[in-house]
Every structure is written in C-alpha cells, then in structure tokens.
Number of protein chains: 2
Amino acid sequence: MQARRGTGIETFAKRCKMTPDAIQGRTSRMTRDIGTDHTHGGAEKPTLRTVAQATGFSVATVSRALADDPRIAARTRAIVAEAAKRLGYIPDRAARRLRTGRTQVITLLLNTEHEFLGFTHEFLSGITERLRGTGYSVTVVPDDPGEDRLTPVRTILRNNLADGLLFTRTECFDPRVRMLMEAGLPFVSHGRTEFTMPHPYVDFDNEAFARQAVARLVEQGRDRLSMILPDDKFTFCQHLRYGFVSAAREAGVAHEVLEGVTLDSDREEISCALNACLRRPERPNGFVCVGEVTALMTMAAMTDAGLTPGIEADIVAKRASPIFDNIRPRIETVYEDLRATGRAMAEMLLRRIDGEPAEGLHVLFEPGRCG
Amino acid sequence: MQARRGTGIETFAKRCKMTPDAIQGRTSRMTRDIGTDHTHGGAEKPTLRTVAQATGFSVATVSRALADDPRIAARTRAIVAEAAKRLGYIPDRAARRLRTGRTQVITLLLNTEHEFLGFTHEFLSGITERLRGTGYSVTVVPDDPGEDRLTPVRTILRNNLADGLLFTRTECFDPRVRMLMEAGLPFVSHGRTEFTMPHPYVDFDNEAFARQAVARLVEQGRDRLSMILPDDKFTFCQHLRYGFVSAAREAGVAHEVLEGVTLDSDREEISCALNACLRRPERPNGFVCVGEVTALMTMAAMTDAGLTPGIEADIVAKRASPIFDNIRPRIETVYEDLRATGRAMAEMLLRRIDGEPAEGLHVLFEPGRCG
DNA sequence: GCCCCGAATTATAACGTTTCAATTCATCAG
DNA sequence: CTGATGAATTGAAACGTTATAATTCGGGGC
C-alpha cells in the first residue's frame, strides 16, 4: 500500500506554490491563514485545520484519516493520528453535532419526587461508569410528578437533544415507549411494558423477589402475609403483586395486599394503613416490603404497637442502599444492584445507538439474598 | 418609530424581482431554496431561514429580532416573534454553540462513591428545578474516588463542555477552585474554601449544627461527647470539628473526635471504632453524627453492646433523607435541605454566567432542628 | 502512445447560527 | 440640489466538522 500521490510533505510543498486557478473562496481562506499565523504563538485550540497544516494534508483527508476511513492510505492515517495526538487535537462536539445531527448525549429522565433511597446515586454512578471513555455524556432531565410524562420526551425529540434516552418507573403501556418507538429514538427502559413490539429494557425480577420473600416467610412459620404495594400503574408493581399473590396461594397461606396506598412517598397514608392493620385481631405476621422506607415504616409501626420485628412478625425487604446492615433488629433483605442496572442500561443504549436491533436487548436481574 | 425601509412584505416583494447584481453565492443559495421547496410538504424543521422566508426579512434581521436587538424596529421584532412562534421555531443548540462558544450546559461533578443517603437525588432535583425554563441543561460527570479530581475539570475546560460547574465535597484549598478561577469558568462550590480570593459557594452552617448538637446533648445531661468525623481534608469537616470542640469546651464537658476513620463510606472501620469506644469504661454518653449512615451505625453499635439509644447515650444527627422519621427509638436530627441547596447553587451559577461578580454570591444555610 | 481505471487525495458545500461591515433610503442641513 | 446623517436592514463570513463530487496521477491494457 504505497501512497501514489506522494507523502504529505511533498503535497504541502506543492500547495505552497499556489495553483494558478486560485478561486475566490480559496484566496480568502489563504488570506485568513496568514492572518491566523500572525497571532500570538502558543495557545490556539487545535482544530482539523491545525492538524491539516501540520501534516500537509487537506482538512478532508485528516477528517477521514481520524475516522480510520479505509479509503485513506494506511501510512497517511498513521501520520495524521500521530500529529493529532501530538497537537492535542480534540474534535469539537458542537461542530460535529451540527454537521451530523448526532449529539453524543444520552439523557436520563429523572423522577424528582421521593426516591427509593440511594436509587438515583447508584443508578447514575452506574451509567457514568459505563459511559466513561465513550464520547457520550449524560444529561439529566426532570420527570416531575404531576407533569405530563411525555413533555420532556417531546422536547428532547423536537430539539434533538439526545441520541438516546433512559428512564425508570415504566408503566405497562408507557406512553413514552410508544412515542419513542414511533420517533425511532433509541431508548432503554428500567422495567418492562406490555407492548407487543419488543424494546430494550433492564429489569429486576420483582416477581421472583416476591416469591422468594413469601417462601422465606413461610419457612419461618409465618402464615398471614401482607405486602405494601406502590401504585399499580407501574409494571414492576404488577410483577410484585403477581409473585406475592401466587406464591402465597401456592403455599396455602393467608395474604393481603395493603390497598389504598400509592407510592413510597405517601408516608402518612402508609403509616395509617400499617397501624390499622397491626391493630386487627388477625394481624399479619409476615411483611414483604419493596423499599427501605416502607420497611422502616413497618418496623416503626410494629415498635409503636409494642411488637418486635422478628418476634411477632418477620419482614423481608428489597433494598438498594447499605443502611440495612445497621438496622436493629436485623431484618432479611434482598439487594437490587442499581449500579449494575445503570451500567447495563447504558451498555444497551450504546448498542442500540450503534444500530443493533432491539430484539435481544434485555436483561433481567435475578434477586440474590443478602444481609 | 416608523420603519423607514418599508414593511417586511414590501421588502419581500422587492426581493422576489431579484436584484440585478446577483452574486454567485446568492444564486446557488436560491437554487437550493427551490430544491427545498420541492420536497414533501410538511415536516421540515423550522430554522432561521424558514422564519426569514415567511416574514420576508433576512436571516440576519430575524436572528437579531429574536434576540430583541434594539437596532431592529419594534414592529419588525413583533412580526418576527409572531412568525417564529407560529412556525414553532426553536434555535438549534449545536449551531448556536458552534458560533458563540457558549454551550448552554452546566455540569455537576458527581462523587460516585457512597453518598449521604438521598444527597444526590435531592441535590439534582433542586438543580433541575431551578434550571427549568432557562435553556440550560445539566450534565453529570463522575468525580471518581481515587481518580485525580482535576481530570474532569481539565476535560471540561479543554473541550469547552460547559458554561459553568457545580461540585461538592470541597476541600480547604481545593485545586479545582484554583484551576477554575484561573481559567475563568463560572462555578459554585458546595462548601467554602480558604482561598483569599472570593468565589461563589453555598454551604450549610456545619459549625452551628455541631454547636447546637453539643448544646442539645448537654441540655440532656450528657457530659462525655463523641463525634465521628469524615476526612479532615474537606472544609465542612473542619467546621464540624471546630464547632464541636469549641462548644464542648465552652460547656466544660469531656469530648473526643473519633480518629482514624475517613469517610462515611469506610463502614468497617467506623464500626470497629464505635465498638471499641463503647466498650471503654468511660464510654461516651452523647454522640454527634454527621450522616444517617453514621447515626445508624452508632445506634447499631449501641444495640449490639446491649445499650439503648436515649437511655445510656443520646444521639444527634444531621440528615438529608426522610428515613429518620421511621427509626425507633427516635433520635434527634437536624435536616439539611439539599434540594434548596441545589436550587441555590444553580441560581448563583446562572448569575455568575450572566456576568455578576463573585463577591456577594454566597449562601449559608442555617440548621433548623426537626424530628 | 493513448485511454481508461482506480487509488489517493482534495475542493467545496453544507449544517444553523451570530456578527461585522456594508447597503439602502428617507430626512435634514446647507 | 447636494451631501451628510442615521435608522433599518442585509450580505457575507465565520465557527469546525463531514459528505459529496471532483481532481490528480501512476500504471495497465490496447
């Protein structure tokens, strides 16, 4: 693979003689070059032009060479790569974005109400971890409760603000999923939907968690189980409910889902429901809790009712934070690794952006007992 | 203020006749226009050109008009604004960024190790809350423990990735502050420094918190106080230490700072230190805790040693999450409102970006007792 | 020797914006 | 009537990139 036209240096020499047919545009550009050369010596931000001038190749060639385009001679690519590195060239994101339409940004829709403790931190850390080194950056867009969930998505689509989207708290027929599929913007949801067309998702096997929790409580001789469930509109709640109810039914134990409570956030309501249920003569002796706050509320309600967790009733809880190592009495917990979830979602999104089909792209994390 | 040159419509009519001196560039542009008109009827992204054609003004005028430039006639501005709205024009961020160098992005340096529970969520929610409606978006860049803290800052500066920076866990002579001041990039730190040159910051009055905590414990008759302090390299830890030590000294009670522990994250170490200290004959009877995890660890260590929080020793803790409402026995807590902190930091950063001098820009949140 | 192929490179336009430096034109002073 | 004034507008360049359509030129086939 010998360069036919001669090396960059030769080409440069030739160019310096200035070809006869100097077109207007070219002239003006050359004029400007001289102007640029006049400026102070050191700190100009290196651009493609800088590298082009240093190597003697044209801007176009340099651009292609840096993209490892096979149409550029291997030797040229090497020379350009070396020069770019030496000069500290870094492609300008704005220019590239303007030209290509790709933003090099992925956006996370962040619920701004109460979180499952530690969720946001771990999740975001996982995402940034995976994105490190790729040119992508994460932007966070609020998914405010009470606001239409589609508005941020619409804004992102209209203004072309991201190459891909991540979001949580997925609903069974999540309108965001529908809109994104129609628009063709890559995305990964935390949680499944019930649309027939497949889309990428990462989920925790909440059904399995609920089943395990029931099994564990039954093992410990508990036979009146209760579960506090967030709003049913989220898919994961339906999985929890299904796992809980069917496992309890199979085990032949009494069970109930505490109704009338919505999300982890409506603390007052949950407290009332808990207190009421603990005062019933046939009160539950086993609780399945979905988040740490719910679990702590259950413990507090028991304590306030003069009962001791582990004696009159057992609790199994899902957790995403480390606090349960320090809660006394100890209760059994299952850890959902949200850092790994964030990593996996970012990974999938990158693949999807790279054009991989949606079909195979999903992960279901199995619960591993801990604590 | 009458338009001298005639309304947009007249100008448009005139332009359609095509002036004699049609320069090359113009011709080619017109050609392209026709090509564009040929395409399918509806969904072209509206750009300045679209608005210009619709109103009959030039792109330059439209651009100025939308920026409310006083050199553009008031009537023209109104016409253009109306048309832009009607057509759904939204300025292209990439183009604007390329042209102006401003990114419309602010970046949050996010520590990716363990958080004070709920910190990230609340903080980010506050930031996005303030930024809503302004054109700014937030990107999150990891500040990985063990990595050089300057690397992300350097990257942001070199690649011009943001118009401003927010970060936490500020050190007394934080190298990031120095670098950013030198580079002239607006930023707001969560926490103060000891540099002589002023810079914008938002902080919680940790010294006051520590003093209040000591006072509260002394009120309750406690006279051997202990505090677990994260790494001294952070400014806020020094404030905590100073407040704790001087208040205890003034009250004339015994006190110690548990040494040898670094951050909230080194749980094993903290546990050991706690257990050891609780087994001493002259063990502390009052604890000041900075985070919920530390507080819970203290409670757990007491329980494990056969002691009951509130009986043999009291605990006062700072918290950023709602969990302490549900911890039994109840302990006294002081709430640091991180949502408000995020809001305030975003607010200041916006002002700073707008050119406001750094001098007056700081807020110190006073602790309010709660729970 | 001529023509054409194709490998290697290059000129140029374009992405959508902002802004400098004109240009236009009514008005007013002289 | 002329020239200066200044308000209103505009042409064109520029930001740094990529993609399309040339251009160059050695070599192989005839």
Side-chain angles (χ1 to χ4, degrees), chain A residues 1-8 10-11 14-15 19 21-26 28-29 31-32 35-36 45-52 56-67 69-77 80 89-102 160, chain B residues 1-8 10-11 14-15 19 21-26 28-29 31-32 36 45-52 55-67 69-77 80 89-102 160:
Chain A
M1 283 279 168
Q2 271 288 347
R4 297 261 168 92
R5 180 103 190 268
T7 70
E10 294 161 35
T11 312
K14 191 181 299 173
R15 254 186 63 185
T19 62
D21 57 340
I23 321 157
Q24 264 200 338
R26 184 181 188 136
S28 80
R29 185 174 293 182
T31 309
R32 198 187 164 280
T36 303
K45 177 190 165 193
T47 140
L48 275 186
R49 269 242 323 277
T50 321
V51 181
F57 291 107
S58 73
V59 170
T61 302
V62 171
S63 172
R64 283 216 177 75
L66 289 174
D69 190 316
R71 292 176 312 191
I72 300 297
R75 189 165 157 230
T76 304
R77 272 181 278 169
V80 169
Y89 167 76
I90 293 159
D92 182 282
R93 305 172 73 109
R96 183 176 274 180
R97 176 167 169 177
L98 176 59
R99 181 60 233 243
T100 64
R102 264 166 279 128
N160 186 220
Chain B
M1 281 278 169
Q2 271 287 346
R4 296 262 167 92
R5 180 105 190 267
T7 70
E10 294 161 36
T11 311
K14 191 181 299 174
R15 254 186 63 186
T19 63
D21 56 339
I23 320 156
Q24 265 200 337
R26 185 184 187 132
S28 80
R29 185 175 293 183
T31 309
R32 197 188 164 279
T36 304
K45 178 190 164 194
T47 142
L48 275 187
R49 270 243 323 275
T50 322
V51 181
T55 56
F57 291 107
S58 74
V59 170
T61 302
V62 171
S63 172
R64 283 217 177 76
L66 289 174
D69 190 319
R71 293 177 312 190
I72 299 297
R75 186 159 160 235
T76 304
R77 273 182 276 168
V80 169
Y89 168 75
I90 292 158
D92 183 282
R93 304 172 75 108
R96 182 174 275 178
R97 176 167 170 178
L98 175 60
R99 182 60 232 248
T100 64
R102 266 167 277 129
N160 187 219

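Predicted, not measured: the structure shown is a model, and the values here were computed from it. To find a chain, count down the sequence lines: A is the first, B the second, and so on, and within it residues start at 1.
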Review point. What residues, two or more places apart in sequence or in another chain, satisfy side chain to side chain contact (heavy atoms under 4.5 Å, CB included) together with T61(B)?
Key: F57(B), S58(B), I72(B), T76(B)

Review point. Which of the following nucleotides, dT9(D), dT10(C), dT17(C), is nearest to the side chain of A73(B)?
Key: dT9(D)

Review point. When the distance from CG of L66(B) to P of dT17(C) is rounded to whole Å, what number comes out?
Key: 9 Å

**Study point:** Set of salt bridge (charged side-chain N to carboxylate O under 4.0 Å, His left out) partners for R96(A), sequence neighbours left out
**Key:** none

Exercise for review: Kindly say if T76(B) contacts the phosphate of dA8(D), meaning a side-chain N or O under 4.0 Å from OP1 or OP2.
Suggested key: no

Point to revise | Separation of atom CZ in R49(A) from atom P in dT10(C), rounded to whole Å | key: 15 Å

Check your understanding: What integer distance in Å separates I72(A):CD1 from dG6(C):P?
Key -> 18 Å

Practice item. Note every stem involving DNA chain C: at least three consecutive Watson-Crick or G-U wobble pairs, i with j then i+1 with j-1, with both distances under 3.5 Å. Key: C:1-30 with D:1-30

Check your understanding: Expressed in angstrom and rounded to an integer, what is the separation of R77(A) atom CZ from dA8(C) atom C1'?
Key -> 12 Å

Review point. What is the distance, rounded to the nearest whole Å, between atom CG of L98(A) and atom C1' of dC15(D)?
Key: 9 Å

Exercise for review: State which of dT17(D), dT17(C), dT10(D) makes the closest approach to the side chain of R96(B).
Suggested key: dT17(C)

Review point. If you look at every strand shown and take non-hydrogen atoms under 4.0 Å, does T47(B) touch a base, only sugar-phosphate, or nothing?
Key: sugar-phosphate

Point to revise | Whole-Å gap separating P (dA14(D)) and CG (L48(B)) | key: 20 Å

Study note, to complete from the structure: Residue set satisfying side-chain hydrogen bond (donor to acceptor under 3.5 Å, both in side chains) with N160(A), at least two apart, ordered chain then number -> none

Study note, to complete from the structure: All heavy atoms of V62(B) vs all of A52(B), minimum pair found to be CG2-CA, 3.7 Å

Check your understanding: Between T61(A) and dT10(C), is there a side-chain N or O to OP1/OP2 distance below 4.0 Å?
Key -> yes

Could you pull out the protein-nucleic contacts involving nucleotides 19-22 of chain D (nitrogen or oxygen on both sides, under 3.5 Å)?
| from | atom 1 | to | atom 2 | distance (Å) |
| --- | --- | --- | --- | --- |
| dA19(D) | O4' | R99(A) | NH2 | 3.2 |
| dT20(D) | O4 | R64(A) | NH2 | 2.8 |

Point to revise | Within-4.5 Å side-chain heavy-atom neighbours: D92(B) and T47(B) | key: no

Study note, to complete from the structure: Winner on side-chain proximity to D92(B), out of dT9(C), dG16(D), dG16(C), is dG16(C)

Check your understanding: How close or far is atom P of dT17(D) from atom CZ of R93(B), stated in whole angstroms?
Key -> 21 Å

Check your understanding: Which one, dG16(D), dT9(D), dT9(C), comes nearest to the side chain of F57(A)?
Key -> dT9(C)

Review point. Looking only at heavy atoms, which two atoms of Y89(B) and V51(B) are closest? And how far apart?
Key: CB-CG2, 3.8 Å

Study note, to complete from the structure: Sorted by chain and residue number, the salt bridge (charged side-chain N to carboxylate O under 4.0 Å, His left out) partners of R64(B) (sequence neighbours excluded) come out as D69(B)

